[in-house]
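Letters A, B, ... are given to chains in the order of the sequence lines, protein chains preceding strands, and every chain is numbered from 1.
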Amino acid sequence: MSNQKPSLPKGTRDFGPIQMARRNYIFDTIKKTFKLFGYEQIETPAMENLSVLTGKYGDEGDQLLFKILNSGDFMSKADSSDLNSNTLLPQIAEKGLRYDLTVPFARYVVMNRHEINFPFKRFQIQPVWRADRPQKGRYREFYQCDADVVGTDSLLCEAEIVLMINRVFADLMITDYSIKINNRKILSGIAETIGAPGQEGPLCVAIDKLDKIGQEKVNEELIQRGFSTSSVEKLAPIYDLKGDKETVINSLKTYLQDSEIGLKGLEELEEVFQLVKDFGLSEDHIAFEPTLARGLSYYTGAIFEVKVAHVSIGSVSGGGRYDNLTGVFGMEGVSGVGFSFGVDRIYDVMDELALFQNIQLEGTQVLITTFDEPSYRYGLQVLATLRGAGIAAELFPEAGAKMKKQMNYGDKKQIPFVCIIGSEEVAQQKLTFKNMSTGEQQLLTPTEIIRMLT
RNA sequence: GUGAUUGUAGCUCAGCUGGUUAGAGCGCUGGUUUGUGGAUCCAGAGGUCGCGGGUUCGAACCCCGUCCUUCACCCCA
């Protein structure tokens, strides 16, 4: 017998019965909404060939991939004369754990292009793994709930994403949140306008910190990142964008008047807002964030991010449009748009907001307790009858165990009703039916009990 | 990857400038109650003080390393 202490890998967690009930509640809510909007579920393997995963998430993303060691004597095939991690890795690991659900989906689309009915609306709920350093709201294994549409440019998809987020949050009773929307083309337009075309990436990383570090520091960082003084000066009007959506959009129209792509982005954005409005959704939770950037390099159009107010958790959902995700796998010209709910973070948010008290566990309804062997035999019959009527029931598995032990078990499991069986009950073919919250009990037949509970 | 931070009973935590047998509350087990859970009272079990090394007559406490926790940066769900 070894006596080593068991432990869990960093950033992973077990989920007990209560946690699972809550997680499933979130999963079910999201799944229900996806289906309501016409999305079909798929799954892909936990592991992919490393060639599918690498190079899709930038250099930093590649660092965060979990690699799987080849089976067998992997060292014998490796060239030991060249021992550094960059050259050794491809020789000893050819598989990795999936980092997100979008890239595996792109692979799926390319591999199944002839069977897929486009536009293809798919959802996928599976864990992903990232070799990040864990911290608040950040895990190394977590679930994403993705919904994507590929094969159409229609901005209705963008609008529906807003609708789905709205619906899910309403169902989960999360009321104070903000769906931040921007468009990559607007960012490109800004970069163009300040004379730094194609630099929107670094531009946004810096601007994004405006709230945190202030305008001066942002400018410093921009210079540091190689932007010219004149570019930084031209950027000034962006900091002054204030007011409601319409005002901001109009100001940007003037600012971006010489940028074709920038104006296109604004046009798309307005169309999405219009579609949401036409659907009849209030715009309370939607905000245009001209500085929202998002790191993933493949976004080309709309960008989304959702933040819940008054909690210390980062974004709980994010996504956007990518014009050519399948291109790297040799299938050009397929546009897609999608987003993802982070269940683990939604859980943390709901926990922090104490929203779980509203949901109740759907566990065992009736526990049957017995005093002796004959009542245990009768209990089995009752058990079958109750279950036959669709009532979740269980018989305490030890015949005639101490009543205190049996009742305690039911109490801790929060089972609302207990049927007590002793010699009197067996003789009368009835049960002492006890309500555990009020303590009331009465002598009833199984049929009467079923009538009460259904 | 960079910089901090934490670790004592199942859980939450005390434990003085280093000094005998490391404590509390909650929880757990048994009893109070041989046909009844939650409350009261009584009794009991449970700890290589994260792990490894060092300093010391003596280490939960000081030093080094390591792992884990948590947090910030980066990035993200």
Side-chain angles (χ1 to χ4, degrees), chain A residues 3-13 16 26 30 57-64 85 99-102 125-146 165 201-202 204-206 208-209 212-213 221 292-297 303-308 312-320 338-349 367-372 375 396 400-426 431-441 443:
Chain A
N3 61 345
Q4 57 170 308
K5 280 184 188 166
S7 65
L8 237 34
K10 201 196 276 276
T12 67
R13 297 140 313 147
I26 300 171
I30 291 169
Y57 310 104
D59 290 343
E60 279 166 353
D62 285 353
Q63 298 295 316
L64 299 179
S85 45
Y99 179 87
D100 72 355
L101 300 179
T102 309
I125 298 176
Q126 289 188 273
V128 302
W129 294 269
R130 297 182 187 177
D132 233 350
R133 239 199 238 189
Q135 52 179 281
K136 185 156 201 168
R138 172 171 303 185
Y139 307 100
R140 285 184 146 181
E141 177 184 61
F142 62 97
Y143 271 74
Q144 289 193 326
C145 306
D146 267 41
I165 293 172
C204 291
V205 170
D208 201 40
K209 296 177 186 162
K212 276 189 198 167
I213 62 177
E221 185 166 336
L292 174 65
R294 295 193 57 77
L296 288 179
S297 44
I303 312 169
F304 304 93
E305 193 164 291
V306 183
K307 176 85 180 69
V308 179
S312 53
I313 314 287
S315 65
V316 293
S317 176
F339 77 112
S340 180
F341 284 113
V343 172
D344 305 82
R345 283 189 178 177
I346 291 176
Y347 184 103
D348 290 343
V349 163
L367 172 71
I368 301 169
T369 63
T370 59
F371 280 107
D372 49 27
S375 52
F396 194 85
K402 282 199 174 143
M403 193 46 61
K404 178 171 178 141
K405 186 178 178 185
Q406 302 190 58
M407 297 294 277
N408 244 322
Y409 171 81
D411 190 40
K412 282 189 184 145
K413 215 168 159 181
Q414 291 181 51
I415 298 173
F417 303 103
V418 171
C419 285
I420 301 162
I421 304 178
S423 51
E424 292 170 29
E425 286 83 358
V426 175
L431 308 150
T432 296
F433 183 69
K434 174 164 180 150
N435 180 324
M436 290 292 273
S437 54
T438 64
E440 290 167 31
Q441 54 188 57
L443 202 60

Select base, sugar-phosphate, or nothing to describe what [X] touches, counting heavy atoms under 4.0 Å on all strands.
| X | value |
| --- | --- |
| E305(A) | nothing |
| D344(A) | nothing |
| E60(A) | sugar-phosphate |
| G61(A) | nothing |
| T369(A) | nothing |
| Y139(A) | base |
| M403(A) | sugar-phosphate |
| S437(A) | base |
| G314(A) | nothing |
| K10(A) | sugar-phosphate |

Return the 5'-most residue of the pair G319(A), D411(A) with respect to RNA chain B, ranking by each residue's nearest nucleotide.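 Going by which nucleotide is closer to the 5' end, it is D411(A).
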Of S312(A) and S315(A), whose closest RNA chain B nucleotide lies nearer the 5' terminus?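 Closer to the 5' end of RNA chain B: S312(A).
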The test is side-chain contact (heavy atoms from CB on, under 4.5 Å); show your working for F304(A) and L292(A) and say whether it passes. CA-CA 8 Å; F304(A) 304 93; L292(A) 174 65; 5.9 Å; no
Could you tell me the Watson-Crick or G-U partner of [N], where both distances fall under 3.5 Å? Say none if there is no partner.
| N | value |
| --- | --- |
| U36(B) | none |
| G58(B) | none |
| U66(B) | G50(B) |
| A24(B) | U12(B) |

According to a strict under-4.0 Å criterion, is [X] in side-chain N/O contact with OP1 or OP2 of [N]?
| X | N | value |
| --- | --- | --- |
| K412(A) | C28(B) | yes |
| K404(A) | G37(B) | no |
| K402(A) | G31(B) | yes |

Rounding to an integer number of Å, can you tell me how far [X] [atom1] sits from [N] [atom2]?
| X | N | atom1 | atom2 | value |
| --- | --- | --- | --- | --- |
| E141(A) | A77(B) | CD | P | 17 Å |
| Q406(A) | G37(B) | CD | P | 11 Å |
| E440(A) | U36(B) | CD | C1' | 15 Å |
| I368(A) | G35(B) | CD1 | P | 20 Å |
| W129(A) | A77(B) | CH2 | C1' | 15 Å |
| K405(A) | G31(B) | NZ | P | 11 Å |

Tell me the closest heavy-atom pair linking R345(A) and G137(A), and the distance in Å.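 That closest heavy-atom pairing would be NE-O, 2.6 Å.
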Any side-chain donor paired with an acceptor under 3.5 Å for S423(A) and D372(A)?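 The answer is no; no qualifying pair exists.
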Pair E425(A)-S375(A), side-chain donor/acceptor within less than 3.5 Å: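 The criterion, which ignores hydrogens and geometry beyond distance, is not satisfied for S375(A) and E425(A).
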Mind checking whether F417(A) and F433(A) have parallel, tilted or perpendicular rings, split at 30° and 60°?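 The arrangement is parallel - the two ring planes meet at less than 30°.
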Is there aromatic stacking of F341(A) against A77(B), centre distance under 5.5 Å, plane angle under 30°?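 Ring-base stacking flag not set for F341(A) and A77(B).
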Flag if over 12 foreign heavy atoms under 6.0 Å of CD, Q135(A):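 Above 12, so yes.
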